[in-house]
Amino acid sequence: MPHPNLDDTQPTPVVKKGASPETGKSTPPPPTGKVSFLARFGGALIFLSALLIVLAIGALAGAASGRAALQQADAQTRQQALEEQYTLAVQDLEAGRLNLAVQRFEYILNQDPGFPGVTEKMAQALQALYLTSTPPPQPTPTLTATPDLRPIAEMFADAENRVRASDWEGALQVLSALRKSDPSFQTTRVDGLMFLALRYRGLEKILQAGALEGGLFDFSLAERFGPLDSEAQAARQWAQLYIYGLAFWEVDPEQAVKYFGQLDQLAPYLHDGSGWTARDRYREALVQYGDRLAEKGEWCSAMSQYEIALSIRADEALQEKYQRATSECEGPSPTPTESASTTATQTPGGATETPTNTLPPGETPTPTPSATLPQASPTPSPTETFTPPFPPTTEAPTPYPLVITPTEEGNAMNLASLSVVLSFPFLAIFLGLWKVVQ
Amino acid sequence: MIQRMLKSLPHLTPKRALSLVLMLAVLCAAGGGAFFTGRAFTMYRFGGKAPSEQATLAPEFVTPGAETQVTPLPANIAEIIASLTPWDGSTRVTALIMGIDYRDWAAQEEAARSDTMILLTLDPLTKTAGMLSIPRDLWVAIPGFQHGKINTAYYLGDIHKLPGGGPALAVKTVENLLGVPIHFYAQIDFGAFVRFIDEIGGVLIDVPEPIRIDLLGGGFKTIKKLQPGKQVLPGEWALAYARARNTEGGDFDRAMRQQQVIMAIRQRILEPEVLPTLITKAPTLYNELAAGIRTNLTLEQVLRLALLAQSIPDENIQRGLIGKDSVLFAKSPDGLDILIPLPDKIHLLRDQIFATSSGLGPLTEGDDQARMLAEGARIAIYNGSSLAGLAERTADYLRNLGVNIVQVANAAQPYAATTIVDHRGSPFSLKFFVNWMGIKAGRIVIQFDPNATADVEIFLGEDWAVSNPLP
């Protein structure tokens with residue numbers, strides 16, 4: 001067994017701080033200037049750097065996570081809104097409120113074209129709404145405020161191509177941008193293209209989209225350049241008749257009958273954005289007018305209105321009204337005949353009142369054969385509409401509450417300053433710990 | 001190796017070990033704290049909208065229905081404001097401004113009717129503007145519903161939760177009524193209106209006649225009387241003045257007063273010291289007012305439009321209202337007072353405000369003849385009359401004027417009335433020849449055909465043979 005090193009077992013003298021271990025005598029401390037800053041605070045700096053890095057990484061990761069969470073929440077909210085609109089749209093569709101259903105489906109398609117089932121439902125709603133071959137109304141185009149920075153010549157060529165392709169809407173947008181960029185570029189040609197595009201867009205709006213007022217406005221703009229042609233003039237007159245009739249809708253059926261009666265002769269399939277055609281309106285106005293006359297006891301006149309309405313399209317309810325008016329008009333008969341006035345084509349007795357084919361002052365519609373109208377097709381049923389109750393109109397006694405709710409976000413600080421602020425308490429803790437270590 | 005590394009470490013006393021552990025704990029806590037604070041800050045700062053969307057403030061028009069949520073402003077809003085330029089779109093911008101019915105609003109109804117509708121329009125190209133007031137009792141077609149008063153559109157859109165709610169349906173209804181595309185809407189509630197007027201230090205109103213106004217709140221103490229003359233009205237008074245309808249003209253007078261207040265706001269904002277201050281304060285003000293405004297305009301769009309509006313002189317602002325002469329007074333089927341619109345009158349008003357002053361007008365200068373010559377259309381003249389040589393004589397006359405005649409021949413069929421056909425879009429030639437030759441409206445044809453050999457074809461009829469100014 002080897003002898004152990006006995007020196008190792010000897011007690012080690014206690015050395016004071018700053019004394020040499022060999023002598024045990026006190027030695028002067030080294031001059032402070034010789035201990036480098038790094039040696040003294042290196043650890044602290046390393047820790048501080050680590051702290052800042054951790055803080056920065058943490059804050060950035062947090063921001064990214066928050067952003068992802070927000071995006072997810074945003075998507076969820078949108079999805080919920082779309083689902084709600086879809087549910088309401090299906091309800092509207094089932095209840096026959098086709099216009100509302102189409103509005104909602106359009107919105108969903110705009111937001112999310114891939115929304116399950118919406119395309120089929122939209123098609124279903126449109127099919128029900130437009131039994132004729134007329135396309136649905138076009139939504140108002142979204143304009144852009146950002147200037148078109150393409151070279152002028154390129155824009156001009158684009159506009160010409162769009163006019164050739166009958167893309168009137170697109171042509172007008174490009175031409176407007178071109179005029180904004182350089183009003184002096186081919187001024188007369190640009191004016192000519194504007195005229196064409198406005199005239200054709202107006203015609204499309206009136207004859208296809210059912211945007212009657214929009215079409216009339218386009219014609220007004222086109223007329224600032226040059227005179228409208230016979231086709232546009234005819235379309236304008238038809239649209240005006242329709243709008244006049246519509247102004248009196250449900251309020252003064254006699255006036256409505258007057259205007260829609262004229263239009264029924266000129267352009268029976270002209271329609272508005274709701275899908276109603278002039279003929280539908282005429283028929284409905286006749287029924288409303290007949291009802292008014294019947295209420296006043298003018299049965300023979302009412303019968304005439306119902307008769308014309310029946311000649312357009314017969315249905316059971318109208319047939320009953322007609323029979324009632326006929327029997328009231330002819331007076332009580334001792335032996336009522338069952339077969340009296342059971343067909344729409346039967347000529348009723350009594351006074352026959354037909355709608356007067358007069359025009360609003362200054363208007364002379366001239367039907368032009370060249371004007372394109374949808375081909376005659378089965379008259380669609382008017383869309384079922386409904387009137388929900390209006391809100392109460394009583395003056396509310398509640399005092400006026402000011403509802404300015406300031407949002408608080410404006411005072412928030414940015415991420416960088418947050419990191420700095422956050423580091424202060426940690427720095428304080430660190431310095432305390434460092435002191436302990438020392 | 002690990003052992004060597006461990007040996008190289010300073011002697012690890014328990015105290016040092018504890019400190020090291022604590023430091024690591026501090027780092028972990030700091031990292032965790034920073035993470036959660038960063039996350040909370042981001043969600044708090046950009047709550048409701050993705051930061052990317054906020055930071056750019058998309059300048060495009062927002063389609064009606066896509067309502068801008070009340071969202072906080074981006075951090076760099078000051079820079080955005082400083083770099084803003086006036087609206088530089090190429091086409092007219094139109095916005096529907098709405099106020100809701102006080103009774104529905106005070107009763108905290110689930111949905112309210114609109115009480116005020118003003119259509120504002122700005123044309124960046126011609127530096128013109130206009131405003132048209134629409135009476136609330138106007139009897140109109142409401143898309144998707146039966147006919148009704150125009151003020152119920154807002155209510156119906158909200159109560160039926162249509163996309164875009166009440167404002168979107170109100171916009172559609174007004175578009176249907178006027179045919180003018182509407183890009184934006186803003187519904188401003190009473191509180192926001194008052195706060196804004198107070199912020200700009202009130203508005204100077206020239207009151208034309210004594211008028212009793214009713215400040216919000218109800219009761220006798222809120223009833224005040226304004227004497228004629230110019231006076232600065234604070235927010236609450238300006239609102240009451242705009243809402244008052246107890247003068248002879250009722251709602252029509254009220255619409256005039258509303259336009260007067262809008263013009264007064266404009267005047268006040270344009271004062272040299274007000275607009276810069278307002279723009280500086282815009283973020284704060286936006287945050288304060290946002291809850292009281294329902295709009296699809298972003299703040300950037302508002303400011304850029306404001307800058308554009310600043311450059312439009314007073315004389316270029318057209319004001320109009322659908323007044324007594326544009327309507328018929330009537331009762332609805334359920335006995336309500338309504339106004340039946342007279343389309344012809346309304347069209348005149350609309351065209352005056354939205355079409356006549358529009359940038360969508362001809363830029364070619366000169367009178368009809370100068371414009372026709374500038375157009376340089378290729379003209380073909382065909383004789384459809386029984387008078388021989390008429391086409392040649394007409395062509396010679398026109399050549400002397402400088403007209404570009406490319407073909408002279410006999411028509412394939414006789415024409416009783418002179419007919420003109422435009423194949424290329426030559427409005428100035430059409431206008432000149434229609435006026436000069438007295439061509440009837442029914443004899444003007446537009447058949448676009450870019451491959452036609454002539455831009456304009458004129459078929460001379462018997463009417464021209466009988467009566468013409470040719471030498």
Side-chain angles (χ1 to χ4, degrees), chain A residues 54-55 58-59 61-63 65-67 71 99-100 107 140 142-145 147 176-177 180 183 187-188 191-193 195-196 213-214 216-217 220-221 224-227 229-230 233 243 247 249-251 385 387 391 396 398-400 402-407 409-410 412 414 426 429 433 437, chain B residues 19 22 26-27 30-31 34-35 38-39 42-43 45 50-51 59-61 63 72 75 88-91 103-104 106-107 109 144-147 163 179 181 191 195 216-217 287-288 291 330 333 340-341 343 351 355 360-364 374-375 425-427 430-431 434 441-442 444-446 450:
Chain A
V54 165
L55 279 174
S65 163
R67 185 174 157 152
Q71 281 172 342
N99 265 302
L100 287 186
Y107 171 74
T140 307
T142 303
L143 304 176
T144 171
S176 297
K180 170 79 180 171
T187 314
T188 49
D191 280 348
L193 291 175
F195 170 70
L196 263 188
E213 284 286 1
L216 291 180
F217 185 59
S220 292
L221 292 172
R224 297 188 63 200
F225 295 86
D229 61 316
S230 52
Q233 294 277 8
I243 289 166
W249 194 248
E250 290 177 359
V251 178
T385 54
T387 312
T398 46
Y400 165 61
L402 267 177
V403 288
I404 304 178
T405 315
T407 50
E409 289 86 345
N414 59 30
F426 290 112
I429 295 168
L433 288 170
V437 172
Chain B
S19 302
L22 280 172
V26 166
L27 284 176
F35 176 85
R39 181 184 160 94
T42 305
M43 297 184 76
R45 183 73 186 78
E60 294 84 10
F61 280 107
T63 46
D88 61 354
S90 53
T91 53
R103 292 163 298 186
D104 299 336
E109 292 290 341
F145 297 88
Q146 282 186 334
H147 263 58
R195 173 75 181 84
L216 291 173
N287 283 331
E288 286 185 24
I340 295 177
D351 291 351
L360 284 177
L363 293 180
T364 308
E375 200 165 57
S426 309
L430 276 185
K431 195 171 185 180
V434 163
I444 305 170
V445 178
I446 295 177

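The chains referred to below are lettered A, B, ... by the order of the sequence lines, with proteins before strands, and numbering in each begins at 1. Just so it is clear, the values below take in all heavy atoms, side chains as well, and ignore hydrogens, waters and symmetry mates.
The two residues A:Ser220 and B:Asp351 have their closest heavy-atom pair at OG-OD2, 2.8 Å. The heavy-atom pair separating B:Pro333 from A:Glu250 by the smallest distance is CG-O, 3.2 Å. Closest non-hydrogen pair, B:Pro427 versus A:Gly192, comes out as CD-CA, 3.6 Å. Of all heavy-atom pairs spanning A:Ala247 and B:Pro341, the tightest one is CB-O, 3.5 Å. Closest heavy-atom contact between A:Phe225 and B:Lys431: O-CD, 4.2 Å.
Of the listed residues (A:Val54, A:Thr187, A:Asp191), the one with the most heavy-atom contacts under 4.5 Å to chain B is A:Asp191. Contact count against chain A (heavy-atom pairs under 4.5 Å) is highest for B:Ile446 among B:Leu430, B:Ile446, B:Val434, B:Ile444.
Listed by chain and residue number, A:Val251, B:Ile338, B:Ile340 satisfy the side-chain contact (heavy atoms from CB on, under 4.5 Å) test with B:Ala330 (two or more places apart in sequence, or in another chain). Every residue meeting the side-chain contact (heavy atoms from CB on, under 4.5 Å) condition with B:Ala374, not counting sequence neighbours, appears here in chain and number order: A:Thr188, B:Thr364.
Only the side chain of B:Pro450 comes within contact range of chain A, with at least one heavy atom under 4.5 Å from a heavy atom of that chain. Only the side chain of A:Phe195 has a heavy atom closer than 4.5 Å to any heavy atom of chain B.
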